[in-house]
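Structure, as structure tokens:
Remember, it's 1-based here, ligands and their atoms both numbered in the order they're listed. From a predicted model like this one, the values you see are computed outputs, not experimental measurements.
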Amino acid sequence: MLVSPSILNADYVRLAEDIQRLEVAGADAIHIDIMDGIFVNPITWGPPTIEAIRGVTDLCLEVHLMVDKPERVLDAYIKTNADLLMIHPESTVYLRKSLLEMKARGVKAGVALKLETPVQVLGNCLELVDVVLLLTCDEGFGGQTFQALSLDKIAEVAQLRDRYGLDFQIEVDGGVNMETAKQCKAAGADVLVAGSYVFKQDMKQAITSLQAL
Ligand code: DX5
Ligand code: ZN
């Protein structure tokens, strides 16, 4: 199981130190939640912060774009040299075009679904994506409770992957802890985003035990 800690729970004035700690603790990637105050109420960071993070780590940087009309800002995010960008179909009418642009410019392409968005929405883009990110709680905040309805969605996406012989990763985001991670794995998840679970205890212990599932 791959573990991608979310820095939403990091210490923002000591971000470089927290990223270093995540590296030492064996994180497989760093999950960066970009919130624009429109698609979701909170505001977090933008391209300059990602560039700064890129400067202090070689870990895979995955950027979860919770922004309205991501096509407006895609170019700036591609230029940060992040490894993977994930966009929401709920935020754009240019989903396919945006995913195609990412691929053409050499960045991995991911599609992220809000908790309430049905899996059917993925119908016209699955063959393009490297990652399907399923929000397993409401978007915008860390530290929420995992919503069990996500388990059926994970299984549905895994079935679609089998049916069409595709090889994208299934990643889950929100309310991950040992117990919910086990359920996600059983349903077919490959990558776990974990924010509070990793930052609120011994990091290495948390990451290692999730990876060992
Ligand atoms: C929520 C974010 C998550 C969040 C997860 O909108 O997408 O990445 O940081 O936090 P936890 O693991 O605390 O639920
Ligand atoms: Zn996220």
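The nearest heavy-atom contact from the protein to atom 9 (O) of ligand 1 is S6 OG, 2.8 Å.
Note on ring orientation: taking the six-membered ring where Trp is involved, the planes of H88 and F39 are tilted (angle from 30° to 60°).
The shortest N/O to N/O separation between G143 and ligand 1 falls below 3.5 Å. Looking at ligand 1, you'll find an N or O of G195 within less than 3.5 Å of one of its N or O atoms. Taking only nitrogen or oxygen atoms, main chain and side chain alike, S196 reaches within less than 3.5 Å of ligand 1. Residue Y197 places no N or O, backbone or side chain, under 3.5 Å from any N or O of ligand 1.
By the 4.0 Å N-to-carboxylate-O rule, K114 lies too far from E90 to be salt-bridged with it. Salt-bridge annotation for E156 and R163: absent, with no side-chain N of the basic residue lying under 4.0 Å from a carboxylate O of the acidic one. Taking the charged nitrogens against the carboxylate oxygens, K97 and E101 have no contact shorter than 4.0 Å, which rules out a salt bridge. Ion pair D130/K103 flagged as a salt bridge, since at least one NZ, NE, NH1 or NH2 atom sits closer than 4.0 Å to an Asp/Glu carboxylate oxygen. A salt bridge links R161 with D190; the closest basic N to acidic carboxylate O contact falls under 4.0 Å.
At a heavy-atom distance under 4.0 Å, only backbone atoms of F141 (N, CA, C or O) approach ligand 1. Only backbone heavy atoms of A194 (N, CA, C or O) come within less than 4.0 Å of ligand 1; its side chain stays farther off.
Seen from the Zn ion (ligand 2), atom OD1 of D33 and atom ND1 of H64 lie 90° apart in angle, a value rounded to 10°.
The cluster map of Ile, Leu, Val, Met, Phe, Trp and Tyr, joined by side-chain heavy atoms under 4.5 Å apart, puts L22 and V191 in different clusters.
Atom numbering of ligand 1 starts at 1 in the shown order; those under 4.0 Å from a heavy atom of H31 are 8 (O). Under a 4.0 Å criterion applied to the non-hydrogen atoms of M66, ligand 1 contributes the atoms 6 (O), 7 (O). Close contacts between ligand 1 and E139 involve ligand atoms 6 (O) [criterion: under 4.0 Å to a heavy atom]. The G174 neighbourhood of ligand 1 comprises atoms 14 (O), with distances under 4.0 Å to a heavy atom of that residue. For ligand 1, the atoms lying closer than 4.0 Å to a non-hydrogen atom of H64 are 7 (O). Per-residue contacts place G140 under 4.0 angstrom from the following atoms of ligand 1 (heavy atoms of the residue considered): 1 (C), 6 (O). Residue-ligand proximity, D173 to ligand 1, at heavy-atom distances under 4.0 Å covers atoms 2 (C), 3 (C), 4 (C), 5 (C), 7 (O), 8 (O).
Note on H31: its N/O/S atom closest to the Zn ion (ligand 2) is NE2. The atom of D173 nearest to the Zn ion (ligand 2) is OD2, with the search restricted to N, O or S atoms.
L15 contributes atom CG, which lies 8.0 Å from atom OG1 of T49 (distance to the nearest 0.5 angstrom).
Nearest heavy atoms, S98 versus E71: OG-CB, 3.9 Å.
With a cut-off of 2.8 Å, the Zn ion (ligand 2) has no N, O or S atom of E139 in range.
The side-chain contact (heavy atoms from CB on, under 4.5 Å) with V129 is formed by just one residue from the set L166, L122, L99; it is L99. Exactly one of R14, Q20, R21 qualifies for a side-chain hydrogen bond (donor to acceptor under 3.5 Å, both in side chains) with D18. That residue is R21.
At least one cation-pi condition fails for K108 and F168: the charged atom is not both under 6.0 angstrom from the six-membered ring centre and inside a 45 degree cone around its axis.
Residue G175 holds the heavy atom nearest to atom 14 (O) of ligand 1 of all those in A10, G142, G175.
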